[in-house]
Amino acid sequence: MLTVDGLSAWYGEAQALRDVSLHVGEGEIVTLVGRNGAGKTTLLRSIMGLHQGATGTVRFLGDDISALSPHKRSRRGLGYVPDDRGIFATLSVEENLVLPPVMGPDPWPLERVYETFPRLRERRRFPGTKLSGGEQQMLALARVLRTGARLLLCDEPTEGLSPLIVAQIGEILREVKAAGVTVLLIEQNVHFASTVADRHHLLAEGRIVESMDNDEVLSREHELLQYLGI
Ligand code: ATP
């Protein structure tokens, strides 16, 4: 579904990504792990077209989308869930869900969103400011599904959430996958990652230095956590 080839990115003179290539198959969940500053966010933003100053090729469903604006990438079915969650704090949950225009090819009806995220139905009249971190994360994911994304690019959805809520996010990601949506996510909780994802890439200094399956992640969990400084 997504093929990234030879992607490099800069901030001025400083190179943040170095010749990154990866593939995400339709219906897969793939994680990016790596220390702070490894380039994970820059990689997701470059795939979405949000980072000015990236070179290389991004192909989506067979088409080269490298020259397309973020807006046009959204229309093709890419959806970005930023680490600050990007929700409108003063609007209600339901307003957050109905306001963004449908752009992608596979929009979820509101009812389907509420079936997948029953907590959001309960909270539908609440303003964004009154939501817990976990509820905000659910809303951020739900909004992107509403707009019709077929590939979610998620920047660390479990960051700062309690184990119970992390488990709920895991359930949601599994449901999203069962619905045929593909996910590329940043995830530092490698144990959690091994329970939701199919494959994992380790980034260091802007490069993919290792690619692992779940068995490898689990057998090296301690070493990886030490390396990541968690
Ligand atoms: P984190 O988890 O801390 O966000 P990351 O792996 O997502 O880390 P990036 O945020 O992509 O890493 O950063 C990659 C490199 O680019 C780092 O060296 C970082 O300092 C640098 N960088 C990121 N954003 C900027 C910016 N706006 N201006 C200059 N350099 C930046």
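Numbers here are sequence positions counted from 1. In listed order, ligands and their atoms are each counted from 1.
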Judged by modelled atom types alone, do Ser8 and Asp19 share a side-chain donor-acceptor pair under 3.5 Å?
no

Atom 16 (O) of ligand 1: closest protein heavy atom, distance to 0.1 Å, is Tyr11 CE1, 3.3 Å

Quick one: does Gly34 get within less than 4.0 Å of ligand 1, heavy atoms only?
no

Asn36 heavy atoms within 4.0 Å reach ligand 1 at atoms 2 (O), 3 (O), 8 (O)

At a non-hydrogen distance cut-off of under 4.0 Å, which region of Glu156 contacts ligand 1 (side chain, backbone, both, or neither)?
neither

Can you tell me if Phe88 has over 12 outside heavy atoms packed within less than 6.0 Å of its CZ?
no

Counting from 1 in the order shown, the ligand 1 atoms closer than 4.0 Å to a non-hydrogen atom of Arg35 are 6 (O)

Backbone N or O of Leu32 within a donor-acceptor pair of the His200 side chain at under 3.5 Å?
no

Taking Glu111 first and then Arg121, would you say they form a salt bridge - that is, a charged N and a carboxylate O separated by under 4.0 Å?
yes

If we number the atoms of ligand 1 from 1 as shown, the ones under 4.0 Å from a heavy atom of Ala16 are 15 (C), 16 (O)

Flag, side chain of Arg146 to backbone of Val113, donor-acceptor distance under 3.5 Å
no

Check whether more than 12 heavy atoms from other residues, nucleotides or ligands sit under 6.0 Å from atom CZ of Arg220, and answer yes or no.
yes

Geometry only, no angles: is Ile186 polar-contacting ligand 1 at N/O separations under 3.5 Å?
no

Considering only protein heavy atoms, which is closest to atom 6 (O) of ligand 1, and at what distance to one decimal place?
Lys40 NZ, 2.7 Å

Pull out every atom of ligand 1 sitting under 4.0 Å from any heavy atom of Thr42, numbered as shown with elements.
9 (P), 11 (O), 13 (O), 14 (C)

Side-chain (Ser66) to main-chain (Val58) donor-acceptor, under 3.5 angstrom:
yes

Taking distance alone, with N or O pairs closer than 3.5 Å, would you say Thr41 contacts ligand 1?
yes

Look at atom 15 (C) of ligand 1 and say which protein heavy atom is nearest, naming residue and atom and giving the distance to 0.1 Å.
Gly37 O, 3.6 Å

Using distance alone, decide if ligand 1 has a nitrogen or oxygen within less than 3.5 Å of any nitrogen or oxygen in Ala38.
yes

Take every heavy atom of Arg45, measure it against each atom of ligand 1, and state whether any distance is under 4.0 Å.
no

Looking at atom 19 (C) of ligand 1, would you say a protein heavy atom lies below 4.0 Å from it?
no

Any salt bridge between Arg112 and Glu115, counting N to O under 4.0 Å?
no

Could you check whether any side-chain N or O of Arg35 sits under 3.5 Å from a backbone N or O of Ala204, counting only pairs where one atom can act as donor and the other as acceptor?
no

the protein heavy atom lying closest to atom 12 (O) of ligand 1 turns out to be Gly39 N, 3.1 Å

Taking Arg18 first and then Glu205, would you say they form a salt bridge - that is, a charged N and a carboxylate O separated by under 4.0 Å?
no

